Amino acid sequence: MSVCNKVLSIILIFVILHGIPSDGQKKKETLLSEKVGQMMDWANKRAVIRMNGDKFRRFVKAPPRNYSVVVMFTALQPQRQCAVCKQADEEYQILANSWRYSNAFTNRVFFATVDFDEGSDVFHMMNMNSAPTFMIFPSKGKPKKADTYELQVRGFAAEQIARWIADRTDVNIRVIRPPNYAGPLMLGFLLTVIGGLVYLRRNNLEFLYNTNVWAFAGLCFVLIMTSGQMWNHIRGPPYAHKNPNTGQVSYIHGSSQAQFVAETHIVLLFNSAVTLGMVLLHEAATSDMDIGKRKIMCVGGIALVVLFFSWLLSIFRAKYHGYPYSFLMS
């Protein structure tokens, strides 16, 4: 009898310490299990879960939730004419598939997307006026400022988004890209063309010692590098930015910490024009041509330098707010 009393006492103590699960707790656990199961079912069919307003409110915003959700708010319909959205979506799909088909895949993180035409109410609820936008909805608490991805600064390359996710969720995703043979094929074609030209002129290779050819090649390389092409390659910024509400397209980024691809092309063009103007001025001063042609070259060189340097300075002023100096253009 004493043994039974001891067992009952132990059971009673356990119940007092831990309590009996209430109906509310059981419902909460059941609801959470159903939500996780549904999210896993969707993720098994498609790495990026497409959501409308109802799904977003139920599976992302409403508790209970023990998983994080990465959401891309976008506008992919053709009438929206959002080229950046399509480019960002390609990188987002690569990242989501890298996570879905990795050995480390769990229900800790899911990837979802909300298109403006399928969930405009979500955009209004989140007070969003631009696309694409990436946000993480953590498993606990509300999203913080750092849970909104700085697309304009970091670009939309899958590797950059993966680093951001790792910082916010401690989930490391190794990005695996599908094989791309365009680069090796272009390199092989270029080498073949160069090899063919050298073979055709194998009896006269004096052009290899032409200083003008090497100077032009070196100048092109310098112009490409100084325009920011390497930054584009590392960060993967969008080509431009279009406001989905106003339709206005921005080709120059308003911050000194970021840039668009179109911006580097503009800077490359302006730098090339300034360089051409300097070459014309040098030729006008040192060539043996008649005075009339030299005057035309001089005027043309001055015009190129003055005009395009003024445009370059105006871009600099637009990015570095408060810069006091200008030339011709404010």
Side-chain angles (χ1 to χ4, degrees), residues 39 42-43 45-62 68-100 109-137 142-162 164-165 168 175 177-178 232 235-255 258-265:
M39 292 290 285
W42 284 334
K45 295 178 181 178
R46 179 181 290 180
V48 177
I49 303 169
R50 295 182 62 176
M51 289 190 170
N52 54 23
D54 293 335
K55 288 182 179 179
F56 179 81
R57 281 184 286 271
R58 180 184 175 190
F59 292 94
V60 179
K61 293 287 290 182
S68 299
V69 185
V70 184
V71 181
M72 181 178 75
F73 299 91
T74 186
L76 293 173
Q77 296 302 316
Q79 65 268 22
R80 300 299 173 186
Q81 298 181 352
C82 183
V84 179
C85 295
K86 295 179 181 179
Q87 296 171 10
D89 182 67
E90 292 175 0
E91 292 294 311
Y92 192 59
Q93 294 287 343
I94 291 173
L95 176 60
N97 280 289
S98 298
W99 169 241
R100 169 63 188 84
V109 174
F110 294 101
F111 288 84
T113 181
V114 177
D115 193 282
F116 181 79
D117 291 283
E118 297 175 358
S120 58
D121 54 334
V122 177
F123 277 73
H124 295 309
M125 178 175 62
M126 301 300 298
N127 293 322
M128 289 189 178
N129 56 10
S130 64
T133 299
F134 296 93
M135 285 187 66
I136 289 178
F137 294 84
K142 296 181 179 181
K144 300 178 181 178
K145 183 178 180 181
D147 290 321
T148 299
Y149 183 68
E150 295 179 329
L151 180 66
Q152 307 284 351
V153 176
R154 306 179 69 168
F156 51 69
E159 291 79 5
Q160 292 290 337
I161 303 176
W164 168 65
I165 293 174
R168 304 307 304 164
V175 177
R177 293 182 175 275
N232 291 344
R235 295 294 186 92
Y239 186 82
H241 176 71
K242 183 177 181 179
N243 190 314
N245 292 331
T246 63
Q248 183 179 3
V249 180
S250 300
Y251 297 102
I252 305 296
H253 197 286
S255 171
Q259 65 183 19
F260 297 132
V261 174
E263 182 178 329
T264 62
H265 295 165

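It should be emphasised that the depicted structure is a prediction, and the values quoted were computed from it without experimental measurement.
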Asks: If you take all heavy atoms of I94 and A158, which pair is closest and at what distance?
Replies: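 So the two residues come closest at CG2-CB, 4.4 Å.
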
Asks: Any side-chain heavy atom of L95 sitting closer than 4.5 Å to one from I165?
Replies: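 Result yes, sub-4.5 Å side-chain heavy-atom pair found.
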
Asks: Please test D89 against L76 for side-chain contact (heavy atoms from CB on, under 4.5 Å), starting from the C-alpha separation and ending with a verdict.
Replies: CA-CA 8 Å; D89 182 67; L76 293 173; 4.0 Å; yes

Asks: Answer yes or no: are there more than 12 heavy-atom neighbours, outside E150 itself, under 6.0 Å from its atom CD?
Replies: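 Check fails, neighbour count at 12 or below.
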
Asks: Side chains of F59 and W42: does their closest heavy-atom pair fall under 4.5 Å?
Replies: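 Side-chain contact under 4.5 Å: yes.
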
Asks: At what distance, to the nearest 0.5 angstrom, does CG of D147 lie from CE of M135?
Replies: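 Going from the CG atom of D147 to the CE atom of M135 covers 7.0 Å.
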
Asks: Do V84 and F156 come within less than 4.5 Å of each other through their side chains, counting heavy atoms only?
Replies: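 Side-chain contact under 4.5 Å: yes.
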
Asks: May I ask you to check whether W164 and F134 place their ring centers less than 6.0 Å from one another?
Replies: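 Between F134 and W164, which both carry aromatic rings, the centre distance is not below 6.0 Å.
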
Asks: What pair of heavy atoms forms the shortest contact from T264 to Q259, and how long is it?
Replies: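 Nearest pair, atom of T264 first, then Q259: CG2-NE2, 3.2 Å.
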
Asks: Under 4.0 Å between a Lys/Arg side-chain N and an Asp/Glu carboxylate O for E91 and R177?
Replies: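 Salt bridge between E91 and R177, a charged N being under 4.0 Å from a carboxylate O: yes.
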
Asks: Side-chain contact, heavy-atom cut-off 4.5 Å: K55 with I49?
Replies: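 No, their side chains stay 4.5 Å or more apart.
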
Asks: Please say which of D115, T113, V114, I161 ends up in a side chain to side chain contact (heavy atoms under 4.5 Å, CB included) with M72.
Replies: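 Answer to the side chain to side chain contact (heavy atoms under 4.5 Å, CB included) test with M72 among D115, T113, V114, I161: T113.
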
Asks: Relative to the ring of F137, is the ring of F56 parallel (under 30°), tilted (30 to 60°) or perpendicular (over 60°)?
Replies: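 Rings of F56 and F137: perpendicular, over 60°.
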
Asks: From E90 CD over to C85 SG, what is the distance, rounded to the nearest 0.5 angstrom?
Replies: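 The distance works out to 12.0 Å.
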
Asks: With rounding to the nearest 0.5 angstrom, report the NZ to CZ distance, K45 to R100.
Replies: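 It is 12.5 Å, given to the nearest 0.5 Å.
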
Asks: Show your working on side-chain contact (heavy atoms from CB on, under 4.5 Å) between T133 and L151 and close with a plain yes or no.
Replies: CA-CA 7 Å; T133 299; L151 180 66; over 6 Å; no

Asks: Can the ring centres of Y251 and H265 be said to be less than 6.0 Å apart?
Replies: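 Between Y251 and H265, the centre distance exceeds or equals 6.0 Å.
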
Asks: Please round to the nearest 0.5 Å and tell me the distance separating atom CD of Q77 and atom CD of E118.
Replies: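 Reported value, rounded in 0.5 Å steps: 6.5 Å.
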
Asks: Could you check whether any side-chain heavy atom of D117 comes within less than 4.5 Å of a side-chain heavy atom of R80, counting everything from C-beta outward?
Replies: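 Touching, per the 4.5 Å side-chain cut-off.
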
Asks: Could you go through the side-chain contact (heavy atoms from CB on, under 4.5 Å) check for V70 and Y92 one step at a time?
Replies: CA-CA 10 Å; V70 184; Y92 192 59; 3.8 Å; yes

Asks: Under a 4.5 Å cut-off applied to non-hydrogen side-chain atoms, are Q160 and Y149 in contact?
Replies: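 Heavy-atom side-chain distance check passes, below 4.5 Å.
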
Asks: Which heavy atom of Y239 sits nearest to which heavy atom of Q87, and what is that distance?
Replies: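 Minimum heavy-atom contact is N-OE1, 4.0 Å.
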
Asks: So which heavy atom on A47 is nearest to which on N97, and how close?
Replies: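 That would be CB-OD1, 3.6 Å.
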
Asks: If you compare all heavy atoms of S130 against all heavy atoms of F123, which two are closest, and at what distance to 0.1 Å?
Replies: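 Looks like O-CE2, 4.4 Å.
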
Asks: Where is the tightest heavy-atom contact between F260 and A240, given as atom of each residue plus distance?
Replies: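 Closest approach of F260 to A240, heavy atoms only: CG-CA, 4.1 Å.
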
